[in-house]
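Numbers restart at 1 for each chain; the letters A, B, ... are given by sequence-line order, proteins then strands.
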Amino acid sequence: AQSVTQPDIHITVSEGASLELRCNYSYGATPYLFWYVQSPGQGLQLLLKYFSGDTLVQGIKGFEAEFKRSQSSFNLRKPSVHWSDAAEYFCAVGGTKYQAGTALIFGKGTTLSVSS
Amino acid sequence: AAGVIQSPRHLIKEKRETATLKCYPIPRHDTVYWYQQGPGQDPQFLISFYEKMQSDKGSIPDRFSAQQFSDYHSELNMSSLELGDSALYFCASSSSGGARTDTQYFGPGTRLTVL
């Protein structure tokens, strides 16, 4: 069965420091991978996605993620964190077969706190 | 840019009552999804519709039903509400297009509280 693991429940980073959030997936083939961010009480905003091609994908707000097939990972990175980046981050995997409406499977999320 | 619209944003119900949540997808999106997010939890998939037909089904209770209408909006009907149904309910939409680029865009959610 498909699954997504985010090993870090909570991470604290100093403002201006670099950030890496880990995500590992279990899937039979190369899945479609996503990172979403959620501020408290808010909806889910898409940061970036990987479907195929270049394994380093750029997203909004200065985020990037690298797909590593050998490690079944899709880690999210940002070179310099801003206080406004404090939020909950979810990694998600979608299906590979062509079917509209395929569910996303989410990881448990990583809470990012930013210290001054 | 237009986003997914959900109504109402907040809803308070008593146990055993019914609730209807509405979702209006991004214009020209033909697929809608419903997710449930409990406190401190990750979103759990409930059900999805493509071109008004049920496409995928997750852990949706039998007390819940949903449908997609001809204008592509969707409604989630919840009956015999239980305390455990208190959660944030998200709707997402995507465009199937002609290729596998059905990225899901989420609405702001409806916060349902069952007393």
Give a yes or no on this: more than 12 heavy atoms of other residues, nucleotides or ligands lie within 6.0 Å of atom [atom1] of [X].
X     : atom1 : value
B:K15 : NZ    : no
B:K13 : NZ    : yes
B:L83 : CG    : yes
B:D62 : CG    : no

Inset, instruction - Ignoring hydrogens and angles, tell me if any N or O in the side chain of A:E88 forms a donor-acceptor pair with the backbone of B:G40 under 3.5 Å. - result: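 Judged by distance alone, no pair lies under 3.5 Å.
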Legend entry - B:Y35 (side chain) donor-acceptor with A:L104 (main chain) under 3.5 angstrom: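 Side chain of B:Y35 to backbone of A:L104, a donor-acceptor pair under 3.5 Å: yes, one is there.
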Tell me whether [X] shares a hydrophobic cluster with [Y], the cluster being built from Ile, Leu, Val, Met, Phe, Trp, Tyr side chains joined at under 4.5 Å.
X     : Y     : result
A:L47 : A:Y25 : yes
B:Y72 : B:I26 : no
B:I60 : B:L21 : yes

Legend entry - Heavy-atom contact with chain B under 4.5 Å, split by part of A:L44: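 Both the backbone and the side chain of A:L44 come within 4.5 Å of chain B.
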Legend entry - Toward chain B, the part of A:F106 with a non-hydrogen atom under 4.5 Å: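 Contact with chain B: backbone and side chain both.
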Legend entry - Structural part of B:Q37 lying under 4.5 Å from a heavy atom of chain A: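 Answer is side chain: those atoms of B:Q37 sit under 4.5 Å from chain A.
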Inset, instruction - Measure distances from B:F45 to the heavy atoms of chain A and classify the residue's part below 4.5 Å as side chain, backbone, both or neither. - result: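 The side chain, not the backbone.
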Legend entry - CZ-OG1 distance between A:F34 and B:T103, expressed to the nearest 0.5 angstrom: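 OG1 of B:T103 is found 5.0 Å from CZ of A:F34.
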Identify the heavy atoms of [X] and [Y] that sit nearest to each other, and give their distance.
X      : Y      : answer
B:P43  : A:F90  : CD-CE2, 4.0 Å
B:Q104 : A:T102 : NE2-O, 3.0 Å
A:Q42  : B:F90  : O-CZ, 3.6 Å

